[in-house]
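Scope of the values below: all heavy atoms of this structure, side chains included, with no hydrogens, waters or symmetry mates. These numbers come from a predicted model, not from an experiment.
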Amino acid sequence: MRHGKKDNHLGRTHSHREAMLSNMASSLILKKRIETTLAKAKELRKFVEPLLTKAKDDTHQNRRIVFQTLTSKETIKELFGPVADKIANRPGGYTRIIKLGNRAGDNAETCLIELVDFNETLLAAAQEKATARTRRGRRSSGARQAADTAAIPAAEVVADEPVAAEEAPAAEAAVEEAPVAEAPAATEGEAPAEESNDEPKQA
């Protein structure tokens with residue numbers, strides 16, 4: 001029984017499977033993308049990504065280990081050269097699987113497996129999307145700042161108008177009260193002043 005064993009034997013013996021995966025890994029490194037079935041691509045990803053990680057550290061021992069698996073001088077040269085330079089800053093996840101649908105003959109699921117850092121179209125699209133997000137963020141913040149600065153003077157003008165309206169009636173009331181003067185209070189021993197000479201005095 002094979003309980004808990006996740007490896008797909010792909011209907012082949014061990015030697016046949018290892019040779020097939022080695023050839024597919026060499027093709028992927030040299031051509032940067034290959035088309036195959038989904039089951040093979042998933043097994044190839046587990047097979048080739050540890051080799052790509054070893055290629056990031058270019059030592060004699062790592063070259064020996066990788067050459068023991070791939071057995072192709074041209075592939076080793078490509079792997080430790082341009083491929084290692086491209087994936088130097090990537091912490092894993094060097095491959096991408098893109099499903100293509102089912103094959104016409106046997107209805108098998110097919111896909112593309114490619115090296116992530118060599119798909120120039122997707123890299124350019126991701127970079128353009130990142131710059132577009134940055135521009136939108138700057139525009140929205142600038143528009144908000146402009147709106148805030150424009151709203152502050154308007155608020156001050158609106159707030160000042162009622163104050164001026166309240167001050168105007170107070171000034172008018174002060175002007176009306178100014179001419180009216182109170183009569184001086186009569187001191188002790190003095191008779192109050194007569195208000196008018198026109199009125200007859202009572203006997």
Side-chain angles (χ1 to χ4, degrees), residues 6-8 10 17-18 20-63 65-67 69-155:
K6 299 179 181 179
D7 294 331
N8 188 347
L10 301 174
R17 185 170 59 254
E18 291 295 316
M20 182 191 68
L21 292 174
S22 176
N23 290 335
M24 291 176 68
S26 295
S27 299
L28 179 63
I29 292 167
L30 293 174
K31 298 179 181 179
K32 309 304 185 288
R33 69 164 51 186
I34 58 174
E35 182 177 345
T36 182
T37 62
L38 184 61
K40 289 179 183 177
K42 288 180 177 180
E43 289 301 309
L44 177 60
R45 180 169 56 186
K46 293 191 293 184
F47 181 85
V48 75
E49 290 205 355
L51 301 178
L52 294 171
T53 301
K54 285 191 177 298
K56 292 165 67 174
D57 185 16
D58 190 1
T59 62
H60 181 66
Q61 180 64 14
N62 284 345
R63 282 180 176 263
I65 292 171
V66 174
F67 183 74
T69 304
L70 297 180
T71 65
S72 171
K73 291 183 179 180
E74 186 179 355
T75 304
I76 298 298
K77 184 178 179 181
E78 180 73 15
L79 177 59
F80 283 88
V83 176
D85 294 339
K86 280 275 191 177
I87 65 174
N89 296 325
R90 184 175 294 277
Y94 312 108
T95 58
R96 178 189 292 118
I97 293 176
I98 303 171
K99 294 182 181 180
L100 299 178
N102 292 358
R103 194 159 53 191
D106 56 358
N107 203 36
E109 290 183 281
T110 59
C111 67
L112 278 175
I113 180 169
E114 65 181 6
L115 297 179
V116 172
D117 294 294
F118 287 88
N119 192 330
E120 301 297 338
T121 304
L122 291 180
L123 290 175
Q127 186 175 5
E128 183 179 355
K129 188 175 181 181
T131 54
R133 284 180 180 175
T134 305
R135 289 177 183 171
R136 281 201 299 270
R138 289 177 182 171
R139 288 177 184 170
S140 61
S141 62
R144 288 176 186 172
Q145 291 177 358
D148 293 342
T149 53
I152 290 172

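Minimum heavy-atom separation, Ala55 to Phe80: CA-CE2, 3.6 Å. Shortest non-hydrogen contact noted between Asn8 and Arg17 is O-CD, 3.9 Å. For the pair Leu30 and Glu78, the tightest heavy-atom approach, listed with the atom from each and the gap, is CD2-CB, 4.0 Å. Taking every heavy atom of both residues into account, Ile87 and Leu52 meet most closely at CD1-O, 3.5 Å.
Atom CG of residue Asp7 and atom NZ of residue Lys46 lie 4.5 Å apart, to the nearest 0.5 angstrom. To the nearest 0.5 Å, atom OG1 of residue Thr69 and atom NZ of residue Lys54 are 9.0 Å apart. The CG atom of Leu112 sits 10.5 Å away from the CD1 atom of Ile97 when rounded to the nearest 0.5 Å. Residue Asn23 holds its CG atom at 12.5 Å from CG of Leu28, rounded to the nearest 0.5 Å. Atom NZ of residue Lys56 and atom CG of residue Leu79 lie 12.0 Å apart, to the nearest 0.5 angstrom. Note: Asp57 CG to Asn62 CG = 5.0 Å, rounded to the nearest 0.5 Å.
Looking only at side-chain heavy atoms (C-beta outward), Met24 and Val48 stay at 4.5 Å or farther from each other. Looking at heavy atoms from C-beta onward, Ile113 lies out of side-chain contact with Lys40 at the 4.5 angstrom threshold. A heavy-atom distance below 4.5 Å is not found between the side chains of Thr37 and Leu10. Using a 4.5 Å cut-off on side-chain heavy atoms (C-beta onward), Lys86 and Leu115 make no contact. At least one side-chain heavy atom of Leu70 sits under 4.5 Å from a side-chain heavy atom of Leu51. Considering only heavy atoms from C-beta on, Arg45 stays 4.5 Å or farther from Tyr94 through its side chain.
Remark: the backbone N or O of Glu18 is not paired with any side-chain donor or acceptor of Ser22 at under 3.5 angstrom. Using a distance-only test at 3.5 Å, with no hydrogens or angles considered, no donor-acceptor pair links the side chain of Glu43 to the main chain of Leu21.
Counted by atom type alone, Thr95 and Glu49 present one or more donor-acceptor pairs between their side chains at under 3.5 Å.
Salt bridge annotation for Glu120-Lys32: absent, with no cationic side-chain nitrogen under 4.0 angstrom from a carboxylate oxygen.
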